[in-house]
Asks: 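If you scroll down you'll find the structure; I have some questions about it.
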Amino acid sequence: MTTCRLVSAENAAPLVADLCEVLSDCVNGGASVGFMLPFAPEDALGYWQGIVESVAAGHTILAVAEVEGRVVGTVQVGLAQKPNQPHRGDLMKLLVHRSARGLGLSRKLMALVEEEAARRGRILLVLDTATGSEAEAIYPRFGWEKAGVIPDYALWPQGGFCSTTLFYKRVA
């Protein structure tokens with residue numbers, strides 16, 4: 001059975017080990033999400049501890065996808081904190097473990113955080129993703145609009161420049 005749910009800071013702490021595994025699997029599968037190879041699950045610990053703190057502070061929406069009680073996917077929305085951007089959020093790190101792909105979890109996670117962001121007064125979400133990646137192809141299917149491409153924006157996990165494609169979506 002699969003479920004997708006929003007996670008509070010208190011409920012996130014016990015999920016950190018699974019979240020580390022998901023992030024490690026995605027980086028090792030070639031996802032350009034801010035980390036370089038080699039990358040083990042324990043390398044993700046500091047990142048997820050920071051996300052838990054951000055959720056506790058009310059700065060981040062965290063959602064997880066579970067299969068038979070094990071976290072296999074996640075996505076976050078960073079809630080813009082600048083005074084001139086109270087209406088905007090940044091979609092971050094849509095990740096699904098390679099063993100759980102093809103179950104529709106990305107779509108469910110996206111719908112869940114888009115709805116929650118709108119409930120929290122966000123009307124516009126933005127994201128960036130590696131140009132030419134598998135991830136780039138899914139966002140238009142979820143109703144996101146391409147805004148443009150920035151060349152040589154980041155590095156692939158194995159090295160070498162990659163461009164990033166910017167997307168946006170009005171959610172309210």
Side-chain angles (χ1 to χ4, degrees), residues 1-7 15-48 50-51 60-68 70-78 88-117 122 124-171:
M1 183 170 108
T2 65
T3 60
C4 291
R5 63 186 173 100
L6 297 173
V7 180
L15 305 177
V16 166
D18 282 353
L19 290 165
C20 287
E21 174 58 35
V22 171
L23 179 55
S24 175
D25 177 74
C26 290
V27 172
N28 284 288
S32 178
V33 290
F35 302 96
M36 302 299 290
L37 293 174
F39 193 80
E42 55 270 17
D43 297 328
L45 186 58
Y47 172 77
W48 287 112
I51 292 297
T60 299
I61 298 167
L62 173 63
V64 297
E66 296 166 305
V67 173
E68 297 178 8
R70 189 178 124 239
V71 174
V72 295
T74 184
V75 67
Q76 300 101 59
V77 173
R88 188 177 65 75
D90 295 298
L91 189 102
M92 304 177 296
K93 307 240 184 320
L94 174 62
L95 306 168
V96 175
H97 196 283
R98 288 176 285 177
S99 68
R101 292 185 183 162
L103 301 175
L105 299 177
S106 291
R107 183 177 297 279
K108 291 175 185 174
L109 285 166
M110 293 290 285
L112 184 61
V113 295
E114 289 170 10
E115 180 181 312
E116 180 63 13
R122 285 2 187 227
L124 179 70
L125 298 179
V126 297
L127 69 85
D128 69 88
T129 192
T131 305
S133 67
E134 291 178 24
E136 180 188 17
I138 68 169
Y139 294 111
R141 292 190 303 227
F142 300 162
W144 287 70
E145 298 289 327
K146 181 178 174 178
V149 175
I150 301 171
D152 300 336
Y153 185 80
L155 297 175
W156 292 106
Q158 66 276 19
F161 288 113
C162 69
S163 300
T164 195
T165 302
L166 304 172
F167 287 93
Y168 69 94
K169 184 175 185 180
R170 294 191 181 279
V171 294

Asks: Got a sec: does the CD of Glu68 have more than 12 other heavy atoms crowding it under 6.0 Å?
Replies: no
Asks: For residues Cys4 and Leu112, report the shortest heavy-atom separation together with the two atoms involved.
Replies: C-CD2, 3.8 Å
Asks: Would you compute the distance between atom CG of Leu23 and atom NE2 of His97 and round it to the nearest 0.5 angstrom?
Replies: 11.0 Å
Asks: Quick one: closest heavy-atom pair of Ala130 and Thr164, and the distance?
Replies: N-OG1, 4.3 Å
Asks: Look up atom CG in Leu105 and atom CE in Met110, then write down how far apart they are to the nearest 0.5 Å.
Replies: 13.5 Å
Asks: Can you check whether Val16 reaches Leu45 side chain to side chain, under 4.5 Å on heavy atoms?
Replies: yes
Asks: Are the side chains of Lys146 and Tyr139 in touch, meaning some heavy atoms are under 4.5 Å apart?
Replies: no
Asks: Check salt bridge (charged side-chain N to carboxylate O under 4.0 Å, His left out) between Arg101 and all other residues, then give those that pass, not counting sequence neighbours.
Replies: none
Asks: Hey, could you give me the OG/CG distance between Ser163 and Asp152, rounded to the nearest 0.5 Å?
Replies: 5.5 Å
Asks: Sequence neighbours left out, what passes ring pair (Phe, Tyr, Trp, His ring centres under 6.0 Å) with Phe39? Give chain and number order.
Replies: Phe35
Asks: Answer whether the closest heavy-atom distance between the side chains of Glu114 and Trp144 falls below 4.5 Å.
Replies: yes
Asks: Output, in order, the C-alpha distance, side-chain angles, deciding distance and verdict of side chain to side chain contact (heavy atoms under 4.5 Å, CB included) for Leu109 and Thr74.
Replies: CA-CA 7 Å; Leu109 285 166; Thr74 184; 5.6 Å; no
Asks: Please determine whether the number of non-hydrogen atoms from other residues, nucleotides or ligands lying under 6.0 Å from atom CZ of Arg170 exceeds 12.
Replies: no
Asks: Shortest non-hydrogen contact from Lys108 to Leu103?
Replies: NZ-O, 4.3 Å
Asks: List the residues meeting salt bridge (charged side-chain N to carboxylate O under 4.0 Å, His left out) with Asp25, not counting sequence neighbours, and say none if there are none.
Replies: Arg98
Asks: So how far is it from Ile51 CD1 to Ile61 CD1, rounded to the nearest 0.5 Å?
Replies: 12.0 Å
Asks: Tell me, do Glu116 and Val77 make a side-chain contact under 4.5 Å, heavy atoms counted?
Replies: no
Asks: Give me the atom names and distance for the closest heavy-atom approach of Arg122 to Arg88.
Replies: NE-O, 3.3 Å
Asks: Is it true that atom CD of Glu115 has more than 12 heavy atoms of other residues, nucleotides or ligands lying nearer than 6.0 Å?
Replies: no
Asks: What are the two closest heavy atoms between Tyr168 and Ala147, and how far apart are they?
Replies: CD2-CB, 4.1 Å
Asks: Any chance you could lay out the side chain to side chain contact (heavy atoms under 4.5 Å, CB included) test for Asp18 and Val64, step after step, and finish with the verdict?
Replies: CA-CA 10 Å; Asp18 282 353; Val64 297; over 6 Å; no
Asks: Is any side-chain heavy atom of Thr131 closer than 4.5 Å to a side-chain heavy atom of Tyr153?
Replies: no
Asks: Starting at CE of Met92, measure out to CG of Asp128 and round the result to the nearest 0.5 Å.
Replies: 11.0 Å
Asks: Just do the side chain to side chain contact (heavy atoms under 4.5 Å, CB included) check on Ser24 and Asp43 with the steps written out, would you?
Replies: CA-CA 8 Å; Ser24 175; Asp43 297 328; over 6 Å; no
Asks: Which heavy atom in Ser99 sits nearest to a heavy atom in Arg70, and how many Å separate them?
Replies: OG-NH2, 4.1 Å
Asks: Side chains of Trp48 and Leu62: does their closest heavy-atom pair fall under 4.5 Å?
Replies: yes
Asks: Take Ser106 and Arg141, measure what side chain to side chain contact (heavy atoms under 4.5 Å, CB included) needs, and give me the verdict at the end.
Replies: CA-CA 11 Å; Ser106 291; Arg141 292 190 303 227; over 6 Å; no
Asks: Any heavy-atom pair between the side chains of Leu155 and Phe161 that's under 4.5 Å?
Replies: yes
Asks: Evaluate the side-chain proximity of Lys169 to Leu91: yes if any heavy-atom separation is below 4.5 Å, no if none is.
Replies: no
